**Q** 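After the structure tokens below, expect a handful of questions from me.
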Amino acid sequence: MNLYGELAARFSPQVVRYLREAGELAARSGRHCYIVGGLVRDLLLGWENADIDLVVSGGGISFAEEIAAQWGGRVVVFGDFDTAKVLLPDGWSIDVAGARREYYPRPGALPQVAAADLREDLWRRDFTINALALSLGPEDLGRVIDPFGGLEDLRRGLIRVLHDQSFRDDPTRLFRAVRFGVRYGFQLEDRTCRLMSLAVEGGLIRSVSPQRLGAEIRKILAEEQVLPMLRMLTDFGLLQAIHRALGEMDWALLRGLPAALGVFDPPSHGFAYIAGILFHQPLEAAMEAAERLALSGAEERKLRDLLVNWRFALWCLNWPNLRPSTIYHVLSALPEEGLALLWAYSGAPPIRERLIAYHERLAKVQLSIDGNDLAALGYRPGPSFGKALRMVLQARLDGEVSTRQEELSLAGRLMGQMEREDA
Ligand code: ATP
């Protein structure tokens with residue numbers, strides 16, 4: 001099978017020229033250069049993918065430097081074994097690695113690595129459909145190399161590991177199996193499925209670092225079909241194996257979340273899903289789960305703010321005749337993702353209207369005065385500044401003041417009052 005036509009149709013003539021030249025350059029010194037991994041799979045399936053990963057026999061970093069010198073690009077060397085990124089002048093980048101073999105000293109540990117040939121490099125990969133290569137050699141440009149039956153599995157729609165030790169070597173592949181299976185609508189091949197169940201029962205997930213688990217879960221949460229993936233992860237017991245708090249989710253809430261994310265578009269959709277999964281959990285269990293997923297310090301604070309405050313916010317939003325400043329007060333205690341979660345959780349129209357009002361209007365209200373204006377009026381800076389400005393904002397939200405002059409005179413009155421009380 002030859003994919004040169006598909007390659008040429010997918011990339012600009014300039015990029016195709018780069019790839020051909022890479023193959024020719026390697027061949028001139030008796031080496032071989034291949035495109036590997038996801039791009040070959042997605043060329044065959046007709047899926048979008050513009051990530052070019054090259055594997056070269058001989059040194060990867062030295063080859064990256066050679067092609068960068070030829071094309072006027074720049075090389076960034078990764079900490080990973082013999083791997084580099086070539087940044088090209090027209091904005092493209094290409095990852096280059098020396099062909100390698102991996103050996104796993106114990107489950108979940110990072111592998112020990114040594115230079116090897118293409119077959120060994122493909123053997124260390126996760127699934128047969130990801131263990132395909134496309135030759136860039138001038139003799140056989142575009143030829144697909146398929147040592148492990150990846151083409152047949154692509155045709156049949158199967159996710160299959162290359163060998164029985166695969167999940168033991170790297171348990172993050174359990175999550176990747178679910179992600180690729182659902183993304184492409186492929187079946188998990190029977191034996192692979194059994195090996196997955198055995199790996200979960202054997203407690204292999206415990207050996208994986210929070211950073212690696214968090215990275216895999218975030219990739220899943222960035223996919224289009226998040227919910228079916230979460231469902232399959234739960235069916236395999238994979239989320240529960242990370243932390244029991246991740247296994248008790250409110251499916252109705254999660255089903256409403258994609259639409260809510262469309263309405264509020266908060267900074268991190270991935271964090272919104274994690275917070276949604278942990279929405280009903282006691283704070284302590286949720287924070288333990290967050291640690292197992294290596295949430296950042298800022299995300300941990302957002303999660304805490306959400307879990308501590310959402311019930312009270314929802315209770316308040318249920319009251320009739322709320323002042324805008326009260327809506328502002330309770331909702332500004334939540335992270336932005338919390339608005340989407342409350343919207344998904346509560347279908348009640350008055351609550352949804354208030355969430356929208358906050359998001360579209362109230363959260364954007366800003367005073368036209370600040371501490372400098374209070375100092376210019378002759379008041380001494382201190383905590384009373386913040387208090388006065390908060391009260392002016394409240395008046396502004398409730399429509400009691402609207403011009404800068406009105407804000408200033410209210411602030412002046414409040415400062416005078418506070419100074420008299422202190423005296
Ligand atoms: P995506 O479309 O999600 O980016 P991809 O296959 O390109 O899919 P990457 O994570 O970029 O995914 O990995 C590139 C290739 O590296 C894979 O196709 C696979 O061959 C190999 N690979 C990545 N992660 C693993 C892993 N944990 N174990 C074995 N091989 C892996």
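Counting from 1, the numbers follow the sequence of the chain as shown. Numbering of ligands and ligand atoms starts at 1, following listing order. It should be emphasised that the depicted structure is a prediction, and the values quoted were computed from it without experimental measurement.
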**Q** Ring centroid separation for His163 and Trp123, is it under 6.0 angstrom?
**A**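 Ring-ring flag for His163/Trp123: true, centres closer than 6.0 Å.
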**Q** Does the gap between the ring centers of Trp71 and Tyr18 come in under 6.0 Å?
**A** yes
**Q** Could I get the full list of ring-ring contact (aromatic ring centres under 6.0 Å, His included) partners for Tyr358, not counting sequence neighbours?
**A**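 Tyr328.
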**Q** Taking 4.0 angstrom as the limit and counting only heavy atoms of Arg41, give me the atoms of ligand 1 inside it, by number and element.
**A** 1 (P), 2 (O), 5 (P), 6 (O), 8 (O)
**Q** Quick one about Arg125 and Asn130 (side-chain donor to acceptor, distance below 3.5 Å, no hydrogens or angles considered), yes or no?
**A**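 The criterion, which ignores hydrogens and geometry beyond distance, is not satisfied for Arg125 and Asn130.
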**Q** Taking only Lys NZ, Arg NE, NH1 and NH2, and the carboxylate oxygens of Asp or Glu, determine whether Asp170 and Arg176 approach each other closer than 4.0 Å.
**A** no
**Q** Would you please say whether a donor-acceptor pair under 3.5 Å links the side chains of Glu21 and Gln70?
**A**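 Yes, because at least one side-chain N or O of Glu21 sits under 3.5 Å from a partner of the opposite role on Gln70.
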**Q** Looking at Asp170, which atoms of ligand 1 are within less than 4.0 Å of one of its heavy atoms?
**A** 26 (C), 27 (N), 28 (N)
**Q** Does Asn49, backbone or side chain, put an N or O under 3.5 Å from an N or O of ligand 1?
**A** no
**Q** For ligand 1, indicate whether the residue Leu39 contacts it via side chain, backbone, both or neither (heavy-atom separation under 4.0 Å).
**A**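 Leu39 to ligand 1: no contact under 4.0 Å from either part.
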**Q** Write out the residue and atom name of the closest protein heavy atom to atom 12 (O) of ligand 1, then the distance separating them to 0.1 Å.
**A**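 Nearest neighbour among protein heavy atoms for atom 12 (O) of ligand 1, to 0.1 Å: Arg176 NH2, 3.5 Å.
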**Q** So, using ring-ring contact (aromatic ring centres under 6.0 Å, His included) as the criterion, who are the partners of Phe186 when residues are at least two apart?
**A** Tyr184
**Q** So is there a nitrogen or oxygen of Arg125 less than 3.5 Å from a nitrogen or oxygen in ligand 1?
**A** yes
**Q** Within the supplied structure, the quantity of interest is the number of heavy atoms (other residues, nucleotides, ligands) at a distance under 6.0 Å from Phe312 CZ; does it exceed 12?
**A**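 Atom CZ in Phe312 is not packed in, count stays at 12 or less.
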**Q** With heavy atoms under 4.0 Å as the rule, classify the contact between Arg124 and ligand 1 as side chain, backbone, both or neither.
**A**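 Only the backbone of Arg124 comes within reach of ligand 1.
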**Q** For ligand 1, which atoms, with element, lie under 4.0 Å from some heavy atom of Lys219?
**A**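 Every atom of ligand 1 under 4.0 Å from some heavy atom of Lys219: 10 (O).
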**Q** Has ligand 1 got any nitrogen or oxygen that is less than 3.5 angstrom from a nitrogen or oxygen of Arg173?
**A**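 Yes, at least one N or O pair falls under 3.5 Å.
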**Q** Assess the side chains of Arg173 and Ser166: does a donor N or O sit below 3.5 Å from an acceptor N or O?
**A** yes
**Q** For the pair Trp310 and Tyr345, name the ring-plane relationship: parallel under 30°, tilted 30 to 60°, perpendicular over 60°.
**A**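 Trp310 and Tyr345: perpendicular rings.
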**Q** Would you find more than 12 non-hydrogen atoms of other residues, nucleotides or ligands less than 6.0 Å from Trp47 atom CH2?
**A**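 Result for CH2/Trp47: enclosed.
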**Q** Give the residue and atom name of whichever protein heavy atom lies nearest to atom 18 (O) of ligand 1, and the separation in Å to one decimal.
**A**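 Among all protein heavy atoms, the one nearest atom 18 (O) of ligand 1 is Gly38 N, 3.2 Å.
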**Q** Which of the atoms of ligand 1 are close to Gly37, meaning less than 4.0 Å from one of its heavy atoms?
**A** 18 (O)
**Q** When you compare the side chains of Arg124 and Tyr103, does any donor N or O come within less than 3.5 Å of an acceptor on the partner?
**A**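 Short answer, no.
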**Q** Heavy atoms only, cut-off 4.0 Å: how does Asp126 contact ligand 1, side chain, backbone, both, or neither?
**A** both
**Q** Under a heavy-atom criterion of less than 4.0 Å, does Phe180 contact ligand 1?
**A** yes
**Q** Any N/O of Arg179 closer than 3.5 Å to an N/O of ligand 1?
**A** yes
**Q** If you measure every N or O of Asp53 against every N or O of ligand 1, does any of those distances drop under 3.5 Å?
**A** no
**Q** Heavy atoms only, cut-off 4.0 Å: how does Arg183 contact ligand 1, side chain, backbone, both, or neither?
**A** side chain
**Q** Counting only heavy atoms on the protein side, is anything nearer than 4.0 Å to atom 6 (O) of ligand 1?
**A** yes
**Q** If you have a sec, work out which protein heavy atom is nearest atom 4 (O) of ligand 1 and how many Å separate them, to one decimal?
**A**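 Answer, as residue, atom name and distance: Asp51 OD2, 4.5 Å.
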**Q** Give the atoms of ligand 1, by number and element, whose distance to some non-hydrogen atom of Thr172 is under 4.0 Å.
**A** 27 (N)
